[in-house]
Amino acid sequence: QVQLVESGGGMVQAGGSLRLSCAASGRTFSSYIMGWFRQAPGKEREFVAAISRSAVSTYYADSVKGRFTISRDNAKNTAYLQMNSLKPEDTAVYLCAAATCSSAYGCRQSLQYAYWGQGTQVTVSS
C-alpha cells in the first residue's frame with residue numbers, strides 16, 4: 001500500500017510555470033507506475049501523464065504534450081509534474097496516483113490506479 005500527498009499547486013498567470021510534487025510513503029514506490037490526472041469543476045477526471053517504474057518511459061495527453069514533463073525520483077519516493085506555458089484551460093485539481101499496470105503506455109484510465117492523493121489546486125488566470 002502507498003499513501004500519496006501532492007503539493008506545489010497555486011495560482012499563476014497564463015504563460016507561467018508550476019512544479020507539482022507527489023510524495024509517497026512506503027518502501028515500494030519504485031514498483032508502481034505513477035500518473036497525474038486533473039479534474040476541473042463539472043468535468044470528468046482527465047489523464048495528464050504517466051511514467052514507468054524506471055522513469056525510462058513517459059506518456060502524455062495531447063493537450064499537455066510539449067508543455068508538461070513528468071518525472072520521478074525513486075530514491076526520494078517522489079513524482080513530479082513540471083508545467084510550463086500554462087493556459088487558463090489547465091485550471092483544475094491535479095491528482096497523482098499509483099498503479100500496477102504492466103506498462104505505463106496502457107495506463108491512462110483512472111480505474112487502473114489503485115492509490116490516489118488528495119489533489120492540489122492549480123488556477124491559471126488569463
Side-chain angles (χ1 to χ4, degrees):
Q1 192 168 357
V2 61
Q3 293 182 324
L4 305 172
V5 179
E6 301 95 336
S7 62
M11 184 176 293
V12 64
Q13 289 188 331
S17 299
L18 283 174
R19 188 194 195 202
L20 306 183
S21 297
C22 174
S25 65
R27 295 178 291 178
T28 59
F29 176 73
S30 61
S31 68
Y32 293 97
I33 288 168
M34 295 302 296
W36 285 94
F37 289 75
R38 66 187 182 186
Q39 189 163 19
K43 295 188 177 181
E44 293 187 354
R45 190 167 293 182
E46 173 188 24
F47 169 79
V48 174
I51 187 167
S52 63
R53 293 170 176 85
S54 62
V56 169
S57 300
T58 57
Y59 303 95
Y60 299 92
D62 288 343
S63 58
V64 307
K65 200 171 296 182
R67 300 187 297 122
F68 290 12
T69 302
I70 188 172
S71 61
R72 66 190 297 165
D73 185 337
N74 288 339
K76 294 183 178 180
N77 281 8
T78 304
Y80 305 95
L81 185 69
Q82 177 68 44
M83 306 186 294
N84 299 329
S85 301
L86 282 161
K87 304 175 181 180
E89 51 263 44
D90 294 320
T91 294
V93 173
Y94 282 72
L95 306 102
C96 70
T100 56
C101 304
S102 58
S103 74
Y105 176 74
C107 207
R108 307 182 184 216
Q109 305 298 319
S110 59
L111 289 176
Q112 295 173 290
Y113 288 78
Y115 304 105
W116 292 83
Q118 82 289 349
T120 186
Q121 177 70 46
V122 171
T123 302
V124 185
S125 61
S126 57

Stepwise side chain to side chain contact (heavy atoms under 4.5 Å, CB included) check, L18 with L86: CA-CA 8 Å; L18 283 174; L86 282 161; 4.2 Å; yes
Test side chain to side chain contact (heavy atoms under 4.5 Å, CB included) applied to R19 and T69, step by step: CA-CA 9 Å; R19 188 194 195 202; T69 302; over 6 Å; no
In residues 76-83, what donor-acceptor pairs under 3.5 Å come from side-chain atoms, sequence neighbours left out?
{"from": "N77", "atom 1": "ND2", "to": "G26", "atom 2": "O", "distance (Å)": "2.7"}
{"from": "T78", "atom 1": "OG1", "to": "K76", "atom 2": "O", "distance (Å)": "2.8"}
{"from": "Q82", "atom 1": "NE2", "to": "N84", "atom 2": "OD1", "distance (Å)": "2.9"}

How many angstroms lie between [atom1] in [X] and [atom2] in [Y], if you round to the nearest 0.5 Å?
X    : Y   : atom1 : atom2 : result
M34  : R72 : CE    : CZ    : 6.5 Å
C96  : I51 : SG    : CD1   : 12.5 Å
N74  : S31 : CG    : OG    : 9.0 Å
S126 : K87 : OG    : NZ    : 14.0 Å

Identify the two heavy atoms, one from [X] and one from [Y], that lie closest to each other, and give their separation to 0.1 Å.
X    : Y    : value
A99  : Y113 : CB-CD2, 3.4 Å
F47  : C107 : CE1-O, 3.9 Å
S17  : S85  : OG-N, 4.3 Å
Q112 : G106 : NE2-O, 3.0 Å

Hphob cluster co-occupancy, I70 + V48, side-chain heavy atoms under 4.5 angstrom: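 They do share one cluster, since a chain of ILVMFWY contacts under 4.5 Å joins I70 to V48.
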In one Ile/Leu/Val/Met/Phe/Trp/Tyr side-chain cluster, 4.5 Å: L20, V12: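 Both belong to a single hydrophobic cluster.
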Whether [X] side chain and [Y] backbone form a donor-acceptor pair below 3.5 Å:
X   : Y    : result
E6  : G119 : yes
R45 : Q39  : no
E89 : V124 : no
T91 : T123 : no
R67 : S63  : yes

Sequence-distant partners of V2, side-chain contact (heavy atoms from CB on, under 4.5 Å), two or more places apart: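 Scan of V2 (side-chain contact (heavy atoms from CB on, under 4.5 Å), adjacent residues dropped) gives L4, A24, Y32, A98, Y115.
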By side-chain contact (heavy atoms from CB on, under 4.5 Å) - contacts of K65 (at least two apart):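 Here the qualifying residues are Y60, D62.
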Test log, rule side chain to side chain contact (heavy atoms under 4.5 Å, CB included), inputs S52 and Y59: CA-CA 9 Å; S52 63; Y59 303 95; 5.8 Å; no
Aromatic F29 / basic R53 pairing, under 6.0 angstrom, 45° off normal: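 Judged by the rule, R53 and F29 form no cation-pi pair.
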Worked verdict on V5 versus Q118 for side chain to side chain contact (heavy atoms under 4.5 Å, CB included): CA-CA 7 Å; V5 179; Q118 82 289 349; 4.2 Å; yes
Q3, CD: over 12 other non-hydrogen atoms inside 6.0 angstrom: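 12 or below, so no.
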Within 6.0 Å of CD in Q109, more than 12 heavy atoms from elsewhere: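 At most 12 heavy atoms, drawn from other residues, nucleotides or ligands, come within 6.0 Å of this atom.
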Side chain to side chain, T100 and I33, heavy atoms closer than 4.5 Å: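 No, every pair of side-chain atoms sits at 4.5 Å or beyond.
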Non-hydrogen side-chain atoms of W36 and F68 separated by less than 4.5 Å: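 Contact flag for W36/F68 side chains = no.
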